[in-house]
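Only heavy atoms go into these numbers, but all of them, side chains included; no hydrogens, no water, no symmetry mates. The chains referred to below are lettered A, B, ... by the order of the sequence lines, with proteins before strands, and numbering in each begins at 1.
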Number of protein chains: 2
Amino acid sequence: MTTPKAIPKPSLQRLPIYYRILKNALEHHEEFISSAEIGRRAKVSPQNVRKDLAFLPEQGQAGIGYSILSLANCLEDTLGLLKSKDAVIVGAGNLGKALALYPGFEKSGIQIVVAFDNDPDKVGEKIGDIPIMPIDKISNLVRRMKLKIGIITTPEETAQEMADLLIQGGCKAIWNFTPTMVKVPEDVMVRNEDLSMGIMVLSHYVESMKVINEKFE
Amino acid sequence: MTTPKAIPKPSLQRLPIYYRILKNALEHHEEFISSAEIGRRAKVSPQNVRKDLAFLPEQGQAGIGYSILSLANCLEDTLGLLKSKDAVIVGAGNLGKALALYPGFEKSGIQIVVAFDNDPDKVGEKIGDIPIMPIDKISNLVRRMKLKIGIITTPEETAQEMADLLIQGGCKAIWNFTPTMVKVPEDVMVRNEDLSMGIMVLSHYVESMKVINEKFE
DNA sequence: CAATCATTGTGAAATTGATAACAAATGATT
DNA sequence: AATCATTTGTTATCAATTTCACAATGATTG
């Protein structure tokens, strides 16, 4: 009934940072934390932290701050970290392997349950405990296992094709590590994580700084 | 004298997307492209595309659009993709290896020239052609080789330490793949690429969608 | 060659996000 | 019990970004 007002993207992207800080604080047996302290650690202004947290049902206590435990639980709920979710990786190259073995996913409740590759040498092998299957099984398996999250780390030429197969199988969220922008229906979320884009931005910064420095050197 | 007005961050982050689209169009032997078409492919409004491109020296032609070749060249210049730049990876784990071998960097003019790790078994080995050196050599080597770009893929506990060493050696841009927010001086750009953050955002989407779907199922 | 069409560049308006400011709440202190 | 310092939630303000609207421009057409 009361649509829980959608969280704006910038806020949503900061929530995982706060979550990380809270988990860390918990390990140090802290109990309460102020927006000022969260802000210091996350490099965000305290006001901004409070604004972000205002989107959550959890409330802070004036004079005290936020209960770290409650807030962390609340974030786990909001970010959907509690229910463990299964995901699939398409492309068992270096990047695919690295992601499959990335320890951070488990902490986020993500479990990679299967990988796909078209290389016959790889099919049948395993990445850790994760079996590698041929790509013509994608749709079927994704559907049968009710997987909703697909990660694409193939060469860019096949990215769209792989995305189509995943969606055909019922995937609703796609994490695309290739430089192509894959096209998806309205109801599917795609996050393009083109790594060379990141390097271009850094590259621009280093370049533009050189210009400035040349004046002074 | 005339400071070439700094490009706002949101615009800067879209430029690599446009660049990718232009390169793609070039391969299809297209010659001119309109802001509307770029926008369609990049999922950005045409006005916004024009505003972004207005930060570049390159101009479009009314009635025709932008010369794809000129604009691509201009972007290569602006993003510093022409001049090859050397970079360093700290942390020769799975992710570090995957990045070191990632083919996309070369296209962006980035060359990984050396990796560092504290594991004595890894030191002395190579990732492709890239030698792995002990971390106590970071500052020295970075300084001697005048490296400006550092990529951190160590466990999160050591991230800050590694960043400090890189900066001590003269690095001006740091790409941090650990979940920690590293602190850096004003003149150093840091890009935090916490992968588990990405998955949390997707995870949130899948969760929030479930709520909606449950109403209809 | 005039009229039309597609498309850019840009100033103004609207929206969105961030910061500042402050009343209300809470525990600590005197 | 009263006061003080701390810290939240919220409203108002400010800044950045995006969208809107349209005049200006150059190609195309009859």
Side-chain angles (χ1 to χ4, degrees), chain A residues 2-18 21-22 25 30-75 78 201 204, chain B residues 2-18 21-22 25 30-72 74-75 78 181 192 197 201 204:
Chain A
T2 50
T3 309
K5 50 199 169 283
I7 303 173
K9 222 177 185 178
S11 295
L12 185 54
Q13 297 199 144
R14 281 189 294 267
L15 293 183
I17 303 177
Y18 304 155
I21 290 167
L22 295 173
E30 301 170 43
E31 271 193 67
F32 289 90
I33 192 167
S34 67
S35 58
E37 185 54 31
I38 295 178
R40 221 178 340 265
R41 300 190 196 177
K43 295 212 219 122
V44 174
S45 76
Q47 303 97 312
N48 210 342
V49 172
R50 294 204 294 278
K51 271 268 164 71
D52 291 338
L53 297 183
F55 291 105
L56 307 176
E58 178 72 11
Q59 299 243 321
Q61 263 180 286
I64 297 281
Y66 299 85
S67 155
I68 295 178
L69 188 58
S70 305
L71 190 52
N73 288 342
C74 174
L75 277 172
T78 304
V201 173
H204 167 79
Chain B
T2 50
T3 309
K5 48 199 171 287
I7 303 173
K9 224 177 184 179
S11 295
L12 184 55
Q13 297 198 143
R14 281 187 296 267
L15 293 184
I17 303 177
Y18 303 156
I21 290 168
L22 295 173
E30 301 170 42
E31 272 193 68
F32 289 90
I33 193 168
S34 68
S35 59
E37 185 54 31
I38 295 178
R40 219 173 347 260
R41 301 190 194 177
K43 298 211 210 118
V44 174
S45 77
Q47 304 96 313
N48 209 341
V49 172
R50 293 205 293 278
K51 273 267 159 73
D52 290 338
L53 297 183
F55 290 106
L56 307 176
E58 178 73 11
Q59 298 242 321
Q61 263 180 283
I64 297 281
Y66 300 84
S67 154
I68 295 178
L69 188 59
S70 305
L71 191 52
C74 175
L75 278 172
T78 305
M181 308 283 291
N192 292 296
M197 243 158 68
V201 173
H204 167 79

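To the nearest angstrom, C1' of D:dT8 lies 14 Å from CD1 of A:Ile33. Regarding A:Glu37, its CD atom lies at a distance of 11 Å from the P atom of D:dT8, rounded to whole Å. The distance from atom CD1 of B:Ile38 to atom P of C:dA6 is 18 Å, rounded to the nearest whole Å. Rounded to an integer number of Å, the gap from CZ of A:Phe55 to P of D:dG9 is 13 Å. Rounded to an integer number of Å, the gap from B:Phe32 CZ to C:dC5 P is 22 Å. Going from atom CG of B:Leu12 over to atom P of D:dT18 covers 12 Å, rounded to whole Å.
In this structure the side chain of B:Phe32 reaches within 4.5 angstrom of the side chain of B:Ser67, judged on heavy atoms.
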Donor-acceptor pairs are to be reported for all side-chain atoms of residues 53-63 of chain B against protein atoms at under 3.5 Å, with residues two or more places apart or in another chain.
none

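In this model, the phosphate group of D:dT6 is not approached by any side-chain N or O of A:Tyr66 to a distance below 4.0 Å at OP1 or OP2. Side-chain N/O atoms of B:Arg50 include one lying less than 4.0 angstrom from OP1 or OP2 on C:dT8. When the side-chain nitrogen and oxygen atoms of B:Ser35 are compared with OP1 and OP2 of C:dT7, none of them lie within a distance under 4.0 Å.
Look at D:dC20: its Watson-Crick or wobble partner, with both distances under 3.5 angstrom, is C:dG11.
The minimum heavy-atom distance between A:Ile68 and A:Leu22, with the atom names listed, is CG2-O, 3.6 Å. Heavy atoms only, all atoms of each residue included: A:Val201 and B:Pro16 are closest at CG2-CG, 4.4 Å. The two residues B:Arg41 and B:Glu30 have their closest heavy-atom pair at NH2-OE1, 3.2 Å. Contact between A:Tyr18 and A:Asp52 at its shortest, heavy atoms only, is OH-OD2, 2.6 Å. Counting all heavy atoms, side chain and backbone alike, B:Ile38 lies closest to B:Ile21 at O-CD1, 3.9 Å. Annotation for B:Ala42 and B:Ile17: closest pair CB-CG2, 3.8 Å, computed over non-hydrogen atoms.
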Strictly under 3.5 Å: I want the nitrogen or oxygen pairs between protein and nucleotides 15-20 of chain C, one per line.
from	atom 1	to	atom 2	distance (Å)
C:dA18	OP1	A:Arg14	NH1	3.1
C:dA18	OP2	A:Arg14	NH2	3.1
C:dT19	OP2	A:Ser45	OG	3.1
C:dT19	O4	A:Lys51	NZ	2.8

Spell out protein contact along nucleotides 25-30 of chain D as letters: B when the base is contacted, S when just the sugar-phosphate is, - when no protein heavy atom is under 4.0 Å; keep the 5' to 3' order.
-> B-S---
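One distance of note links CG of B:Leu75 with NE2 of A:His204; it measures 11.0 Å at 0.5 Å rounding.
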